[in-house]
Engineer: 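Right, I'll just put the structure down here and ask away after.
Residue numbers count from 1 along this sequence.
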Amino acid sequence: MSELIIEPIEKYGLNISHENKALFSRIGVVGAGKEGRTIINLTASAGMEVVFMEESQERIGYVLEELNKTMDQKISNWGLTHSEKKIIMNRITPTLNYDDFKGCDLVIECTRFSETGRRSTPLRKSIFKKLEEILEPDAIIATNGSTVIISELAADLDIKDRCVSLYFPVSHPDARILEIVKGMYTSEKVYNKMEIFAKLINYRSHRINESNGNISLRMLTIMLNEACQILLEGVSDMQSIEETFTVIYGQRYGIFRIADIVGIERLVTLMEAMFNDFGEKHYKPNPLLWKLYRSNQLGVRTGKGFYLYDEDNNIISENKSLFN
């Protein structure tokens, strides 16, 4: 059974001022797509009260249903008990209003990616401004992202040094490394607090100086491009490339499977951004990636990518249309 912290975290957190209040006892999440739901689940399971905001009651209902499904899967795999699930779900509060973020120590912006793999910078700036109006001066405002953006989001705020970027890897549940991105304005004090946050959710923190793709995705995209080129040249087949990645190098998933999980649209968009930033050819998306992107075969989310998937996101077969 996986280890869960099911007690309140007051005795574990960092006390501030002279109040008997733990740092990160209450956090907020703006947007509850796949990554937002991951953060909600992680933090509520670690004993934190979580307020998440969505755009409609319909979306809130969908998010709560998906959170329930995730926890039911853990129950079926003996990773969670019914009573633990109830405790965790009771820590989660949905809202449609920014005012409900009052009292949060940390609010993470997690707006969803568009169909093109992009997130609206003006929208995210607007969210940051609204959060600044609501939150206490020492509360941290974060974005969940992997591109160079946090300094731009912080630039229009009055208190810039409390802004930070986080990246939670989504390739599998045990990828417990949190990339903490320090922007041009981010203070050392805020970075140190985020290291505490990482420990509270049982993650290892990695310090990242602002750079497109951070560490994890810069490495992934280069390996993915090379794997695509090997496949395109007919050097080997998809299964052999996947087994090279999993058996020889000990990875949980093959490189094409990871690409489907992360999302083809996100990777292509990121790779184009890195190519424009760094001018290095190895970041330019391979033609196979463009073929999937342009045909809206974006991976697990759309049911088609390098593989075809069933309703439960299980692999049915390789995507043969990729080679037509």
Engineer: For atom CE of Met89, decide whether the heavy atoms of other residues, nucleotides or ligands shown that lie under 6.0 angstrom number more than 12.
Structural biologist: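 More than 12 heavy atoms, drawn from other residues, nucleotides or ligands, come within 6.0 Å of this atom.
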Engineer: Among side-chain atoms of Arg218 and Tyr283, is any donor-acceptor pair under 3.5 angstrom?
Structural biologist: yes
Engineer: Is it the case that over 12 heavy atoms from other parts of the model lie below 6.0 angstrom from the CD atom of Gln239?
Structural biologist: no
Engineer: Please list all pairs meeting ring pair (Phe, Tyr, Trp, His ring centres under 6.0 Å) that have one or both residues in residues 298-324, counting only residues at least two apart or in different chains.
Structural biologist: Phe256-Phe306
Engineer: Let me see the working for Arg162 and Ser187 under side chain to side chain donor-acceptor pair (under 3.5 Å), right down to the final yes or no.
Structural biologist: CA-CA 7 Å; Arg162 59 157 150 190; Ser187 70; over 6 Å; no
Engineer: Answer with yes or no whether the side chains of Asp237 and Ser240 bring together a donor and an acceptor at under 3.5 Å.
Structural biologist: yes
Engineer: Check the surroundings of atom CD in Glu58: do more than 12 heavy atoms from other residues, nucleotides or ligands lie under 6.0 Å from it?
Structural biologist: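 Counting other residues, nucleotides and ligands, CD of Glu58 stays at 12 neighbours or fewer.
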Engineer: Tell me the closest heavy-atom pair linking Ser216 and Tyr167, and the distance in Å.
Structural biologist: OG-CE2, 3.5 Å
Engineer: Scan side-chain atoms only and decide if Gln297 and Asn319 contain a donor-acceptor pair under the 3.5 Å cut-off.
Structural biologist: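 Indeed, the side chains of Gln297 and Asn319 share at least one donor-acceptor pair under 3.5 Å.
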Engineer: Are Asn296 and Lys304 close enough that a side-chain donor and a side-chain acceptor fall under 3.5 Å?
Structural biologist: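 No pair is found: no donor N or O on one side chain lies under 3.5 Å from an acceptor on the other.
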Engineer: Going by distance alone, is a donor N or O of one side chain under 3.5 Å from an acceptor N or O of the other, for Asn212 and Asp277?
Structural biologist: yes
Engineer: Using a 4.5 Å cut-off on heavy atoms from C-beta on, say whether the side chain of Thr43 contacts that of Phe197.
Structural biologist: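 Result yes, sub-4.5 Å side-chain heavy-atom pair found.
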Engineer: In Å, rounded to the nearest 0.5 Å, how long is the span from OG1 of Thr81 to CD1 of Ile88?
Structural biologist: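 These two atoms lie 8.0 Å from each other.
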Engineer: Can you find a side-chain donor-acceptor pair between Thr95 and Asp100 that sits under 3.5 Å?
Structural biologist: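 Judged by distance alone, the side chains do pair up.
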Engineer: To the nearest 0.5 Å, tell me how far Met48 CE sits from Arg91 CZ.
Structural biologist: 10.0 Å
Engineer: Any side-chain heavy atom of Arg37 within less than 4.5 Å of one from Thr70?
Structural biologist: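 SC-SC contact between Arg37 and Thr70 ruled out.
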Engineer: Does Lys125 have any side-chain contact (heavy atoms from CB on, under 4.5 Å) partners at least two apart in sequence or in another chain, and if so, which?
Structural biologist: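 Residues passing side-chain contact (heavy atoms from CB on, under 4.5 Å) with Lys125: Thr121, Glu152, Leu153, Asp156.
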Engineer: Any heavy-atom pair between the side chains of Leu135 and Cys104 that's under 4.5 Å?
Structural biologist: yes
Engineer: Go through the structure and list residues passing side-chain contact (heavy atoms from CB on, under 4.5 Å) with Thr186, not counting sequence neighbours.
Structural biologist: Val164, Lys182, Val190
Engineer: With the threshold set at 4.0 Å, does a side-chain nitrogen-carboxylate oxygen contact exist between Arg207 and Glu188?
Structural biologist: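 Judged by the 4.0 Å cut-off on N to carboxylate O distance, Arg207 and Glu188 do form a salt bridge.
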Engineer: How long is the straight-line distance from CD1 of Ile108 back to CD1 of Ile127, given to the nearest 0.5 Å?
Structural biologist: 13.0 Å
Engineer: Between Glu49 and Arg26, is there a salt bridge with N-O shorter than 4.0 Å?
Structural biologist: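 Between Glu49 and Arg26 there is no salt bridge, as every charged N stays at least 4.0 Å from the carboxylate O atoms.
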Engineer: Is it the case that the side chain of Asn225 and the backbone of Asn286 share a donor-acceptor pair, with hydrogens and angles ignored and the cut-off at 3.5 Å?
Structural biologist: yes
Engineer: Arg59 side chain to Ala32 main-chain N or O, any donor-acceptor pair under 3.5 Å?
Structural biologist: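 Checking the backbone N and O of Ala32 against the side chain of Arg59, a donor-acceptor pair under 3.5 Å is found.
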Engineer: Any side-chain heavy-atom pair from Ile27 and Val50 closer than 4.5 angstrom?
Structural biologist: yes
Engineer: So which pairs with a foot in residues 306-324 pass salt bridge (charged side-chain N to carboxylate O under 4.0 Å, His left out), sequence neighbours left out?
Structural biologist: Glu318-Lys320
Engineer: For Asp105 and Ser25, indicate whether the former's side chain and the latter's backbone hold a donor-acceptor pair under 3.5 Å.
Structural biologist: yes
Engineer: Under a 4.5 Å cut-off applied to non-hydrogen side-chain atoms, are Arg124 and Thr143 in contact?
Structural biologist: yes
Engineer: Output yes when Arg266 and Glu35 qualify as a salt bridge under the 4.0 Å nitrogen-oxygen rule, no when they do not.
Structural biologist: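 Salt bridge present between Arg266 and Glu35.
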Engineer: Using the rule that two of Ile, Leu, Val, Met, Phe, Trp, Tyr join whenever any of their side-chain heavy atoms come within less than 4.5 Å, decide whether Leu42 and Ile75 are in one cluster.
Structural biologist: yes
Engineer: Measuring from Leu178:CG to Arg176:CZ, what's the distance to the nearest 0.5 Å?
Structural biologist: 11.0 Å
Engineer: Hey, could you give me the CG/NZ distance between Asn97 and Lys130, rounded to the nearest 0.5 Å?
Structural biologist: 11.0 Å
Engineer: Taking the six-membered ring of Tyr253 as reference, does the NZ or CZ atom of Arg257 fall below 6.0 Å from its centre and within a 45° cone about the axis?
Structural biologist: yes
Engineer: Quick one: ring pair (Phe, Tyr, Trp, His ring centres under 6.0 Å) partners of Phe101, sequence neighbours excluded?
Structural biologist: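 Expected list: none.
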Engineer: Test Glu109 against Thr111 for side chain to side chain donor-acceptor pair (under 3.5 Å), laying out the working first.
Structural biologist: CA-CA 6 Å; Glu109 173 270 321; Thr111 53; 2.5 Å; yes
Engineer: Hey, does the Lys NZ or Arg CZ of Arg252 hover above the aromatic six-ring of Phe245, less than 6.0 Å from the centre and inside 45° of the axis?
Structural biologist: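 Not satisfied by the 6.0 Å and 45° rule.
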Engineer: Determine whether more than 12 heavy atoms belonging to other residues, nucleotides or ligands lie under 6.0 Å from atom NZ of Lys129.
Structural biologist: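 Yes, the 6.0 Å shell around NZ holds more than 12 heavy atoms from other groups.
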Engineer: Enumerate the salt bridge (charged side-chain N to carboxylate O under 4.0 Å, His left out) contacts for residues 61-70, please, sequence neighbours excluded, ordered by first and then second residue.
Structural biologist: Glu65-Lys69, Glu66-Lys69
Engineer: For the OG atom of Ser236 and the CD atom of Glu242, what is their distance to the nearest 0.5 Å?
Structural biologist: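 Those atoms lie 10.5 Å apart.
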Engineer: Is it true that Arg301 and Glu265 have a side-chain N and a carboxylate O under 4.0 angstrom from each other?
Structural biologist: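 The answer is yes: the pair qualifies as a salt bridge.
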Engineer: Can you tell if the side chain of Ile180 reaches within under 4.5 Å of the side chain of Leu166, non-hydrogen atoms only?
Structural biologist: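 When only atoms from C-beta onward are counted, Leu166 and Ile180 do touch, with a gap below 4.5 Å.
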Engineer: Does the distance from a Lys or Arg side-chain N to an Asp or Glu carboxylate O, for Asp72 and Lys85, drop under 4.0 Å?
Structural biologist: yes
